[in-house]
Amino acid sequence: EKLRLQPAVVRLSLHALPRFRCRAQLAEFAMEHADADMNGITESPLSPADDAAKRGSELVKRYFMQLTKGCGRKGCPNRNCLNCPDGRGRLDPTAAALLSLELAKSEGVSHMLCDDSPPFLHIQLMEELVHAAMQSGDIKPFMKEVAAVFSNSDALNQSFLHSDAQLEQEAARLRCSREELSGLDTPSIVETYRTLLQTHSAELLNALMNATESLLVKLQVAQLAQPTFISKGPAVRQFFILMHNPLLLEPQYHKQVLLPLLSLIAVLPDLCSSQLVQWWSFLPAEQLQQMVSVCQQFVTVRLYHTQRIDDAVQAGTQVLGQLYEANEVALRSGRRSSSHPLDYHAFYNDAVNQEVNLREDYRRWKSERGEFSFCEHPFILEPSSKSRVLMYDATAQMTHEFEGAILRSLFVGATSPYLVVKVRRAHLISDTLLQMSLRKEDLKKPLKVQFVAEEGIDEGGVQKEFFQLIMAQIFDVNYGMFTYDEDLRVYWFNRSSLENEREFELIGILLGVAIYNGVILDVRFPHVVYKKLMRQDLGLADLKLAFPGMGSTMQQLLDYEVSEVESTFGLCMQVCYEEFGERRSHDLMPGGGDIPVTGDNRDEYVRLYVKYLLEDSIARQFGAFMRGFQSVCGGDCLQLFRWEELELLICGSPVLDFEALERVSQYDDGYSREHPTIVLLWQVIHELPLEMKKKFLFFSTGSDRVPIKGLGNLNFVISRNGTDEERLPSAHTCFNHLLLPEYKEKDKLRTQLLKAISDTEGFHII
């Protein structure tokens, strides 16, 4: 048992000690009694005062021994021990005696001496234990030491600690304060587990996992008794250490070890949870990836095994969310190299995306009963799953509009349950603008498009061409709404545009309507547009990615010699640009034209320049665009997406994998995968250049854009359409259905196919 003296007893015992006339006499007393064999003393009944004096004397002696000779354990974490690397160092006897007396006199504390403290581990001790086990052939002492540490919360929390010097070096390397770090030597933790695995001793590994299980049982009991029993940072260290264990990937340990571990982490108080996330954010990507893999495997196995979303799945998802947040913190802070990121795709879970009923999950999300829903943890959902949730939301809203239309028809006459747009090809923009502005309350209804004076029933294909044509006209630089960068091949809002804000609002509306109707658009915006739509902050890193030339110039300014910035660049707090042939300027701050950019204010200049270029200069145009988009897509479902996923939702996948399309294609009316005409068709398609492949895709499906999950997820059908080789191929674009005559020769097939897919526009009834 630890020696814990009440303050009054301590005072009594210390007052009962002999009086010393000088420090030398005190030191002589301490040294004379330090080596005394207390076990040999014959106990006899003592008065309370004598007993207190004896215990006080023994306490001073134990402190003196600890300060002058140490406890014998290398790397001892007790700072009042000679063996502690961060301790007081070697003291002379007099100083040690005085300090011993001072420590013994401390009131209101628990006197934690080394021989009363739990064991601990560090990498040097591990190496010594391994060496001793190999030399003796007896692994039991090693096993006993490991089990003693991993079954004791206090022991584990004070294991693998950095020394003060190491902690200072780590803080400097990571450019943070010491207080932000866990104090743990992570490489030593990883190496310890590696060392244990390399022993290939089943007995040792079983002892490790049994000890861990025992510790977790104790923690669960404590948590049930007091939910906030862990309230301080040092007590969180044990979870940090345990999550590094690679054996957690073994399904045999899921129930008894991993489940309680994840359950405990999931219910940590907010302050402790935030601290653990912060510590994880300092980890290299490969170590965080191992923890992500542990949680992913656990959730996957549990879902497949139980076929339900139980507490275990919820705990695994919540801890996976903490790891996701740690990764985001690392990326935002720049701690992780951009060349070695942990991509957000790593957090998608196949079992969740394939096995969970997302319609039911959406219902739980929208209910007010506080039920668990994966929609509350969108990092785990793939873009295609989020798109389905968005469609469920659209269906719910459109159904509401539909029912409202039916109800209104009973009282005020029939109204259409659809958003019907009738347009002339020669007046696409004006016709669309007029009808959309007059029917804002119908924007969430299913879209039906009709081209005036043309046959064609819109089952999806007509609206695809409508979007294709109107976007091409809107983004035509001659129209004046956007500028086009030939090198980057992206469009940007024209800050000098004279167009009415209603037209920019129309573009936002069209993007929203396309999303809710599942239409992929050929929109070539830089990524900052999607970040702005998601209301995310922008900075220099975004300028570098969107417009590398300007971003590089700003970075050069920041990297230049401080004393030479003003003379070399000759800049002021002002932006100059050309508009309608005239040179204009904009002050980045009041009186900016008279304020030179120097080494002292260049950071502010870059910040203001980026803000002006990406935000202020196009505020009118983007504001209208944003209003239009939000009028259709404003709501909770949009927040499920990252900006990268929003871009994918609007523009589709950039990867044209026609081999994947060939693998999933279906055949009808006499065709099969082995039919000679089909074999020739795929040979011709694979030989086409990229632009012609896009034309084939547009001809067959009504869009040259690829669905979110790629061409391998497209429901594509090829049917035999007679034997007349003079007949051109045709398509039902509404249903991604290609009608192909039975051509015998490859050259004939290529000629007829190219003729069909080139310059083909319009609809007719077949």
*When the ring planes of Y362 and Y392 are compared, do they come out parallel, tilted or perpendicular, using 30° and 60° as the limits?*
tilted
*Q752 and P729: which non-hydrogen atoms are nearest, and at how many Å?*
O-CD, 3.6 Å
*Determine, step by step, whether Y479 and E503 satisfy the side-chain hydrogen bond (donor to acceptor under 3.5 Å, both in side chains) criterion, reporting the C-alpha distance in whole Å, the side-chain angles of both residues, the deciding distance to 0.1 Å, and the verdict.*
CA-CA 11 Å; Y479 200 71; E503 299 198 5; 3.0 Å; yes
*S373 and D361: side-chain hydrogen bond (donor to acceptor under 3.5 Å, both in side chains), yes or no, with the steps?*
CA-CA 6 Å; S373 168; D361 195 76; 2.8 Å; yes
*Has E659 got more than 12 heavy atoms of other residues, nucleotides or ligands less than 6.0 Å from its CD?*
no
*asked:* Would you say that V528 contacts W643 through its side chain, given a criterion of any heavy-atom pair below 4.5 Å between the two side chains?
replied: no
Pairs under 3.5 angstrom only: tabulate donor-acceptor contacts from the side chains of residues 605-612 to other protein residues two or more places apart or in another chain.
| residue | atom | partner | partner atom | Å |
| --- | --- | --- | --- | --- |
| R607 | NE | E604 | OE1 | 3.2 |
| R607 | NH2 | E604 | OE2 | 2.7 |
| K611 | NZ | D616 | OD1 | 3.0 |
| K611 | NZ | D616 | OD2 | 3.1 |

*Is Q435 reaching over with its side chain to a backbone N or O of K422, donor-acceptor style, under 3.5 angstrom?*
yes
*Less than 4.5 Å apart, any side-chain heavy atom of L543 and any of L540?*
yes
_Can you confirm if the NZ or CZ of R495 lies within 45° of the ring axis of Y577 and under 6.0 Å from the centre of its six-membered ring?_
yes
*asked:* For the OH atom of Y491 and the CD1 atom of I474, what is their distance to the nearest 0.5 Å?
replied: 11.5 Å
*Between W365 and V389, what is the shortest heavy-atom contact and its length?*
CZ3-CG1, 4.4 Å
_Taking the side chain as everything from C-beta on, heavy atoms only, tell me whether L331 gets closer than 4.5 Å to Y344._
no
_With a 4.0 Å cut-off on N to O distance, would you call E505 and R502 a salt bridge?_
no
*Are W682 and I678 side-chain neighbours, meaning at least one heavy-atom pair lies under 4.5 Å?*
yes
*Any sub-3.5 Å donor-acceptor pair from D431's side-chain atoms to R424's backbone N or O?*
yes
*Assess whether salt bridge (Lys or Arg N to Asp or Glu O under 4.0 Å) is satisfied between K532 and E615, documenting all intermediate values.*
CA-CA 9 Å; K532 285 165 70 69; E615 299 182 46; 5.0 Å; no
*Looking at the rings of F525 and F482, which for Trp means the six-membered one, are their centres under 6.0 Å apart?*
yes
*Counting distance only, does the side-chain N/O of E725 pair as donor-acceptor with the main-chain N or O of K744 below 3.5 Å?*
yes
*asked:* Looking at Y743, is its backbone amide N or carbonyl O close enough to the side chain of T677 to form a donor-acceptor pair, meaning the two atoms are under 3.5 Å apart?
replied: yes
*Quick one: do K748 and E726 make a salt bridge, cutoff under 4.0 Å?*
yes
*Side chains of V664 and L714: does their closest heavy-atom pair fall under 4.5 Å?*
no
*Neighbour count >12 (heavy atoms, 6.0 Å) for atom CG, D537*: no
*Sub-3.5 Å donor-acceptor pair from the side chain of Q621 to the main-chain atoms of N494, do we have one?*
yes
*Where do S719 and D668 come nearest, in terms of heavy atoms and distance?*
OG-CB, 3.4 Å
_Distance-minimising heavy-atom pair for F699 and L738_ = CE2-CD1, 3.8 Å
*Report the C-alpha distance between Q463 and V421 in whole Å, list the side-chain angles of each, state the deciding distance to 0.1 Å, and finish with yes or no for side chain to side chain contact (heavy atoms under 4.5 Å, CB included).*
CA-CA 10 Å; Q463 65 179 235; V421 178; over 6 Å; no
*Between R673 and E662, is there a donor-acceptor pair closer than 3.5 Å when you use the side chain of the first and the backbone of the second?*
yes
*Between R425 and E465, is there a salt bridge with N-O shorter than 4.0 Å?*
yes
*Considering non-hydrogen atoms only, spot the tightest contact between R627 and E501 and give its length.*
NH2-OE1, 3.0 Å
_Test your reading of the model: is there a side-chain donor-acceptor pair from K386 to the backbone of L640, 3.5 Å cut-off?_
yes
*Do the side chain of S552 and the main chain of P548 share a donor and acceptor less than 3.5 angstrom apart?*
no
*Got a sec: does the CE of M534 have more than 12 other heavy atoms crowding it under 6.0 Å?*
yes
*Heavy atoms only: give me the nearest W492-P526 pair and the separation to one decimal.*
CE3-CG, 3.6 Å
*Run through I520, V632, L521, L646 and flag the one making a side chain to side chain contact (heavy atoms under 4.5 Å, CB included) with I515.*
L646
*Check whether any side-chain N or O of S437 sits under 3.5 Å from a backbone N or O of L434 as a donor-acceptor pair, and report yes or no.*
yes
*Report the relative orientation of the aromatic rings in F493 and F622; use parallel for angles under 30°, tilted for 30 to 60°, perpendicular for over 60°.*
perpendicular
*D393 side chain vs C637 backbone, donor-acceptor pair below 3.5 Å*: no
